[in-house]
Amino acid sequence: MATSGFRPKLVLFDLDDTLCDHNASLRLRLRMAFAEACRGLDDVDLDALVEASVARSVFGTDHFADILAQVGAGTPERVERAVASYVSDRYRGLKLFDEALEVVDAVRQHARVGMITNGPSVIQRDKIARLRIADAFPFILVSEEVGVWKPDPAIFQRALELGEAAPHEAVYVGDNPEHDVAGARAAGLASVWVNRTGRDWPGGPPPDYTIANLRELLPLFGFDGTR
């Protein structure tokens, strides 16, 4: 990959599906929850239920009854079993992407780093502790603690203050077109879209840069010693 010609002083990272594989963890938890709810039922396509659930919402369990009703498992007892399974281990299967810490450490040799993540503090802080990545970041902003969520520019502006950088000196690295790319743009930062699955851009102003994995950050900004 050719270098961008831009050498940021501050590189900010998203957490879920940027540093860690939240998507895989979510699908695993949903599959186990729906399997629990559908015990005793024949020919239930659990994968289809998982995809229907993800299409409906990636947050919470309020939609479980509607999803399970599609296969005759929408009784209160079965729904309760699904919910109990789903919330019993919020972090089942949650792992960092293989290159995550390696890349963050490499970036830190050339620029300041920080993290901005959306979500309730009790969940996001627990994820960070379980993944053992707190020490990799001089500061971590969790939306509930700041009082605003991405894409609100205010949370990016707070990160700029902590990272001692102007907007034109910083980039934000994330997977979500709305929260990460649009949020960074609104705050005046360059955006790096992490597109691991080759998705089409959904529309609207595009990201400044697109990468398939975090390792591509290093040559993109000359953090690999190419300049």
Problem - Intermediate values then yes/no, side chain to side chain contact (heavy atoms under 4.5 Å, CB included), Y91 and D126 - result: CA-CA 9 Å; Y91 314 103; D126 203 2; 3.2 Å; yes
Practice task
Show your working on salt bridge (charged side-chain N to carboxylate O under 4.0 Å, His left out) between D47 and R27 and close with a plain yes or no.
Solution key: CA-CA 9 Å; D47 291 333; R27 282 175 160 78; over 6 Å; no
Handout entry: Test side chain to side chain contact (heavy atoms under 4.5 Å, CB included) applied to M115 and L15, step by step
Key = CA-CA 7 Å; M115 184 196 299; L15 175 60; 3.9 Å; yes
Exercise for the section: Test side chain to side chain contact (heavy atoms under 4.5 Å, CB included) on L217 and V173 and set out the steps. Expected result: CA-CA 9 Å; L217 273 180; V173 183; 4.0 Å; yes
Problem - Test side chain to side chain contact (heavy atoms under 4.5 Å, CB included) applied to L96 and R132, step by step - result: CA-CA 10 Å; L96 290 171; R132 300 180 180 180; over 6 Å; no
Exercise for the section: Start with the C-alpha distance between E144 and S121, add both sets of side-chain angles, then the distance that settles side chain to side chain donor-acceptor pair (under 3.5 Å), and finish with yes or no. Expected result: CA-CA 6 Å; E144 185 179 58; S121 180; 4.7 Å; no
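Not one N or O on the side chain of R92 forms a donor-acceptor pair closer than 3.5 Å with the backbone of M32. T18 places a side-chain N or O within 3.5 Å of a backbone atom of D175 that can act as its donor or acceptor partner. When atom types are taken as modelled, the side chain of W201 and the backbone of G203 share a donor-acceptor pair closer than 3.5 angstrom. With hydrogens and angles ignored, the 3.5 Å screen pairs no side-chain donor or acceptor of S25 with any backbone N or O of G93. In this structure, R108 contributes its side chain and A136 its backbone to a donor-acceptor pair below 3.5 Å. Distance alone, capped at 3.5 Å, places no donor-acceptor pair between the E169 side chain and the P8 backbone. D17 places a side-chain N or O within 3.5 Å of a backbone atom of H22 that can act as its donor or acceptor partner. Between the N118 side chain and the K150 main chain, a donor and an acceptor come within less than 3.5 Å of each other. A distance-only check finds no donor-acceptor pair linking the side chain of R78 to the backbone of A73 [under 3.5 Å]. At distances below 3.5 Å, at least one donor-acceptor pair connects side-chain atoms of H110 with backbone N or O atoms of F223.
Rounding to the nearest 0.5 Å gives a distance of 10.0 Å between OG1 of T210 and CZ of R199. With rounding to the nearest 0.5 Å, the separation of CG in L131 from SG in C20 is 5.5 Å. The CD1 atom of I155 sits 8.0 Å away from the OH atom of Y172 when rounded to the nearest 0.5 Å. With rounding to the nearest 0.5 Å, the separation of CD in E216 from CG in D224 is 11.5 Å. Annotation: the span from K9 atom NZ to H168 atom NE2 amounts to 7.0 Å, rounded to 0.5 Å. Between D152 atom CG and W149 atom CH2 the span is 12.0 Å, to the nearest 0.5 Å.
Heavy atoms only, all atoms of each residue included: A134 and I140 are closest at CA-CD1, 4.1 Å. Residues D208 and S191 approach most closely at OD2-N, 2.8 Å, considering heavy atoms. Counting all heavy atoms, side chain and backbone alike, A111 lies closest to V11 at CB-CG2, 4.2 Å. Minimum heavy-atom separation, A190 to Y209: CB-CE1, 4.3 Å. Considering all non-hydrogen atoms of both residues, L10 and A165 come closest at CB-CB, 3.8 Å. The two residues R215 and P219 come nearest to each other via the heavy atoms O-CD, 3.3 Å.
Remark: D98 CG is loosely packed, at most 12 non-hydrogen atoms of other residues, nucleotides or ligands lying under 6.0 Å away. In the displayed structure, R90 atom CZ is contacted under 6.0 Å by at most 12 heavy atoms of other residues, nucleotides or ligands.
At least one side-chain heavy atom of F64 sits under 4.5 Å from a side-chain heavy atom of L30. Contact of the N213 side chain with the V194 side chain is not registered, since no non-hydrogen atoms from C-beta on lie closer than 4.5 Å. Between Q109 and D105, the closest side-chain pair of non-hydrogen atoms falls below 4.5 Å. Under the 4.5 Å side-chain criterion, counting only non-hydrogen atoms from C-beta, L49 is in contact with V44. Side-chain contact between V142 and V146: absent, with no pair of heavy atoms (C-beta onward) separated by less than 4.5 Å. R185 is listed as a side-chain neighbour of P205, based on a closest heavy-atom distance under 4.5 Å. Q124 is listed as a side-chain neighbour of D16, based on a closest heavy-atom distance under 4.5 Å. Side-chain contact between L19 and L214 is present, with at least one heavy-atom pair separated by less than 4.5 Å.
Follow the hydrophobic side-chain contacts under 4.5 Å out from L94 and you never reach V87; the two are in separate clusters. Connection of L141 to F156 is established within a shared hydrophobic cluster, with ILVMFWY side chains joined at heavy-atom distances below 4.5 Å, either directly or through further cluster members. Under a hydrophobic-cluster definition in which Ile, Leu, Val, Met, Phe, Trp and Tyr are linked whenever side-chain heavy atoms come within less than 4.5 Å, directly or via other members, F13 and I211 are assigned to the same cluster. Tracing side-chain contacts under 4.5 Å through hydrophobic residues (I, L, V, M, F, W, Y), one reaches L46 starting from L68; they form part of the same cluster. Hydrophobic clustering, with ILVMFWY side chains joined whenever heavy atoms are under 4.5 angstrom apart, groups V54 together with F59.
No option in V171, L12, V181 other than L12 meets the side chain to side chain contact (heavy atoms under 4.5 Å, CB included) test with L189.
Aromatic ring centroids of F34 and Y86 lie 6.0 Å or more apart.
Relative ring orientation between F6 and F221 is described as perpendicular, the plane-to-plane angle rising above 60° on a 0-90° scale split at 30° and 60°.
A salt bridge links E99 with R196: at least one charged nitrogen is closer than 4.0 Å to a carboxylate oxygen.
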